[in-house]
Amino acid sequence: MKRKHSITELTGWIRQKLQTSSDFTSKTMEKEGSSIEVLFLSAACDPVTIEKQLIQPFYSFENNDAFMDYLLSHSNSQLNPSKEEALMDLLSGSVLIDINDQVITLKVTKKNLNTVEEAKTERVVIGPKSGLSEDLETNLNMMRTWYTSSNLHIEVFQNKVAVVYDESLADKQLVDSLLKKIRRHTFYRHQNFHHLENVLLDEKKYLVPRMNQTERKDRIALNLTEGKIIFFIDGTPFAFIVPAPFFDMMRSMSDFYYPFWISFFIKLLRYSGCLVTILLPSLYVAMTSYNPELFRIELTLSIAGTRLGVPYPSFVEVLLMLVMMELLTEASVRLPEAIGPTATTVGGLILGEAATQAGLVSNIMIIVVAAVAISNYAIPNLQIAFALRVIKYLVLTLTIFTGLLGLLVGVVGVFAYLCQIESFGVPYFKLFSREKDLLLSK
């Protein structure tokens with residue numbers, strides 16, 4: 001049997017590790033002549049199970065010896081674990097009970113998976129399929145399950161916003177700054193991502209996203225290991241990650257489930273899709289209207305032949321088809337799921353075929369628009385994909401007036417803009433993640 005001071009040392013060590021987290025709970029239950037102390041993480045434990053298996057039996061037994069025998073009768077209980085074992089049990093959803101100068105851990109894990117649905121915006125072929133929930137407690141429970149570290153800090157505010165980060169990896173100055181901003185709005189209800197952005201960001205109007213959003217637990221766990229800070233909002237099935245450099249938002253979690261060269265090839269396709277989205281419409285206008293001599297003579301004659309009956313300049317043709325494609329994309333979002341894909345596919349085919357037959361656009365233009373749409377859909381992050389949809393119109397506008405020179409100025413301007421901005425103090429084009437720095441330091 002362990003001496004009293006060793007039990008006090010164990011519970012004190014656990015308090016030191018976990019007491020800064022909002023979900024750490026310590027309770028002392030007393031009755032005539034006896035008392036026990038209970039430690040647990042509310043995000044990882046089921047309150048109903050604690051009530052039935054711990055609180056009610058404690059007050060029904062005559063003394064602590066009988067209650068202790070009752071606790072040890074459970075197959076998922078453990079008597080006098082080591083400090084490390086006790087800490088891991090708590091992180092995995094156990095209650096630690098200090099009784100009769102001894103410690104017992106009892107498994108009371110919460111499983112709130114009935115409200116968790118499959119991830120819909122970040123689908124992968126290989127890897128976990130489940131996403132997050134709209135319930136804040138469920139999401140915090142999943143984080144405790146996926147990231148079982150004593151350094152995981154959870155702070156929940158009255159406005160139903162939770163901040164999650166790894167204390168040993170996150171930038172403490174950034175954490176303090178963000179928490180201060182949240183505390184200033186304690187009584188403000190952050191109902192969606194836009195409200196949270198208004199609180200955290202000094203810049204209210206911007207083109208590219210400064211915060212990454214995800215619905216995947218494995219992406220959240222990966223970002224925690226890189227020192228990122230995660231925000232959860234009650235009623236939103238997404239988590240918001242800061243800082244969010246460009247290259248973080250361009251990676252898919254499926255990249256980590258493939259061999260290196262396969263993953264490298266897929267990433268290469270993804271970045272090629274970014275360039276095609278931005279450059280192809282502008283390149284078509286510049287080459288057909290300003291510098292057709294840059295094509296091979298056969299291709300020049302082929303393009304000129306397809307545009308013989310088109311009554312508009314090339315930039316009107318491009319803008320017409322791009323706008324129609326944008327409308328089809330928006331319609332696919334608004335239509336019911338059962339008929340949306342069919343309606344937009346048939347609409348796109350009929351529209352393209354009819355426009356070509358009527359001589360309003362050329363056949364080459366249909367190919368260009370289809371290539372741009374497919375390339376944009378290859379980008380894994382929706383916010384970046386939407387930003388590139390807007391950027392291509394800015395580059396196209398410059399190209400319409402000055403040809404290839406405007407295209408070159410537009411591309412250089414976009415890269416210069418992305419290079420000079422930051423996401424919460426981190427350069428937007430930061431190449432290497434914190435995880436790689438930590439691995440190299442070892």
Side-chain angles (χ1 to χ4, degrees), residues 10-30 35-59 71 74 76-78 81 83 85-99 103-116 132-167 170 175 179 182-183 186 189-190 217 220-221 224 229-237 239:
L10 186 150
T11 55
W13 182 76
I14 289 179
R15 287 177 186 278
Q16 182 181 5
K17 287 284 186 179
L18 301 176
Q19 66 183 355
T20 58
S21 190
S22 295
D23 62 336
F24 177 72
T25 304
S26 173
K27 289 185 178 294
T28 300
M29 297 193 299
E30 298 180 348
S35 66
I36 64 172
E37 185 179 14
V38 180
L39 308 177
F40 62 93
L41 294 169
S42 58
C45 298
D46 184 8
V48 177
T49 306
I50 293 176
E51 178 75 23
K52 292 182 177 180
Q53 295 189 7
L54 187 62
I55 297 177
Q56 292 179 1
F58 172 72
Y59 290 103
L71 293 175
H74 290 81
N76 52 8
S77 64
Q78 184 178 1
K83 292 194 297 185
E85 290 176 337
L87 179 61
M88 287 306 300
D89 285 345
L90 256 71
L91 295 172
S92 302
S94 292
V95 174
L96 187 146
I97 307 156
D98 183 357
I99 178 174
V103 166
I104 299 175
T105 58
L106 179 66
K107 199 81 168 178
V108 288
T109 307
K110 175 165 58 177
K111 295 293 184 182
N112 285 334
L113 301 181
N114 55 326
T115 57
V116 177
L132 297 176
S133 168
E134 293 186 2
D135 180 64
L136 180 61
E137 291 185 0
T138 302
N139 292 332
L140 296 180
N141 169 241
M142 287 190 289
M143 285 304 96
R144 280 296 183 190
T145 304
W146 270 72
Y147 198 83
T148 53
S149 169
S150 60
N151 295 318
L152 183 66
H153 180 88
I154 297 177
E155 188 157 350
V156 183
F157 296 89
Q158 294 179 1
N159 47 22
K160 296 295 185 179
V161 174
V163 183
V164 181
Y165 58 92
D166 190 310
E167 289 184 302
V175 170
L179 292 179
I182 294 290
R183 290 190 183 103
T186 302
R189 172 70 176 177
H190 301 288
K217 298 174 291 185
I220 297 172
L224 286 171
I229 304 166
I230 316 296
F231 290 87
F232 293 95
I233 304 176
D234 190 34
T236 303

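Keep in mind it's a predicted model, so treat the numbers as computed, not measured. Quick note: residue numbers are just sequence positions, from 1. Just the heavy atoms: all of them, side chains too, but no hydrogens, waters or symmetry mates, feed the values below.
- Without hydrogens or angle criteria, T109 side chain to S92 main chain gives a donor-acceptor distance under 3.5 Å.
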As a quick check of understanding, evaluate side chain to side chain contact (heavy atoms under 4.5 Å, CB included) for W146 and I220, giving each step before the final call. CA-CA 9 Å; W146 270 72; I220 297 172; over 6 Å; no
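- Put simply, the residue from D98, I99, V95 that forms a side chain to side chain contact (heavy atoms under 4.5 Å, CB included) with I104 is I99.
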Working for side chain to side chain contact (heavy atoms under 4.5 Å, CB included), residues L71 and S77: CA-CA 7 Å; L71 293 175; S77 64; 5.5 Å; no
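- Taking all atoms of both residues into account, the shortest heavy-atom contact from G235 to P237 is O-CD, 4.1 Å.
- When side chains are defined from C-beta on, L96 does not count as touching D89, because their heavy atoms never get closer than 4.5 Å.
- Annotation: salt bridge (Lys or Arg N to Asp or Glu O under 4.0 Å) contacts involving residues 142-155, sequence neighbours excluded, comprise D23-R144, E155-R183.
- Residues N76 and L106 are in side-chain contact: their nearest non-hydrogen atoms beyond the backbone lie under 4.5 Å apart.
- Listed by chain and residue number, H153 satisfy the ring-ring contact (aromatic ring centres under 6.0 Å, His included) test with Y165 (two or more places apart in sequence, or in another chain).
- Taking all atoms of both residues into account, the shortest heavy-atom contact from D234 to E134 is OD1-O, 3.4 Å.
- Within the model, atoms OG1 of T236 and NZ of K160 stand 13.0 Å from one another, a figure rounded to the nearest 0.5 Å.
- The side chain to side chain contact (heavy atoms under 4.5 Å, CB included) test applied to P47 returns K110, not counting sequence neighbours.
- Listed for the D46 side chain is no donor-acceptor partner under 3.5 Å among the backbone atoms of V108.
- Shown here are the side-chain hydrogen bond (donor to acceptor under 3.5 Å, both in side chains) partners of Q78, two or more places apart in sequence or in another chain: E85.
- To the nearest 0.5 angstrom, Q16 atom CD is 11.5 Å from I14 atom CD1.
- The two residues A44 and N141 come nearest to each other via the heavy atoms CA-ND2, 3.6 Å.
- To the nearest 0.5 Å, the span separating CZ on F40 from CD1 on I97 amounts to 10.5 Å.
- Between the OG atom in S133 and the CG atom in D135 there is a gap of 5.0 Å [rounded to 0.5 Å].
- F232 and M143 make their closest contact through CZ-CG, 3.7 Å (heavy atoms, listed as atom of the first residue, atom of the second, distance).
- Around atom CD of Q56, more than 12 heavy atoms belonging to other residues, nucleotides or ligands sit under 6.0 Å away.
- Residues satisfying the side chain to side chain contact (heavy atoms under 4.5 Å, CB included) criterion with M29, sequence neighbours excluded, are I36, V38, L54, I55, F58, Y59.
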Side chain to side chain contact (heavy atoms under 4.5 Å, CB included), that's the test. Do L132 and K217 meet it? Break it down for me. CA-CA 7 Å; L132 297 176; K217 298 174 291 185; 3.9 Å; yes
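- D166 approaches L224 most closely through the heavy-atom pair CB-O, 3.9 Å.
- The shortest heavy-atom contact between L41 and F24 is CD2-CA, 3.8 Å.
- With sequence neighbours left out, S94 forms a side-chain hydrogen bond (donor to acceptor under 3.5 Å, both in side chains) with no residue at all.
- Checking side-chain atoms of S21 against main-chain N and O of I154 turns up a donor-acceptor pair under 3.5 Å.
- Applying the ring-ring contact (aromatic ring centres under 6.0 Å, His included) test to Y147 and every residue at least two apart in sequence or in another chain returns nothing.
- In this structure S150 satisfies the side chain to side chain contact (heavy atoms under 4.5 Å, CB included) test together with K17, L18, L87, L91, sequence neighbours excluded.
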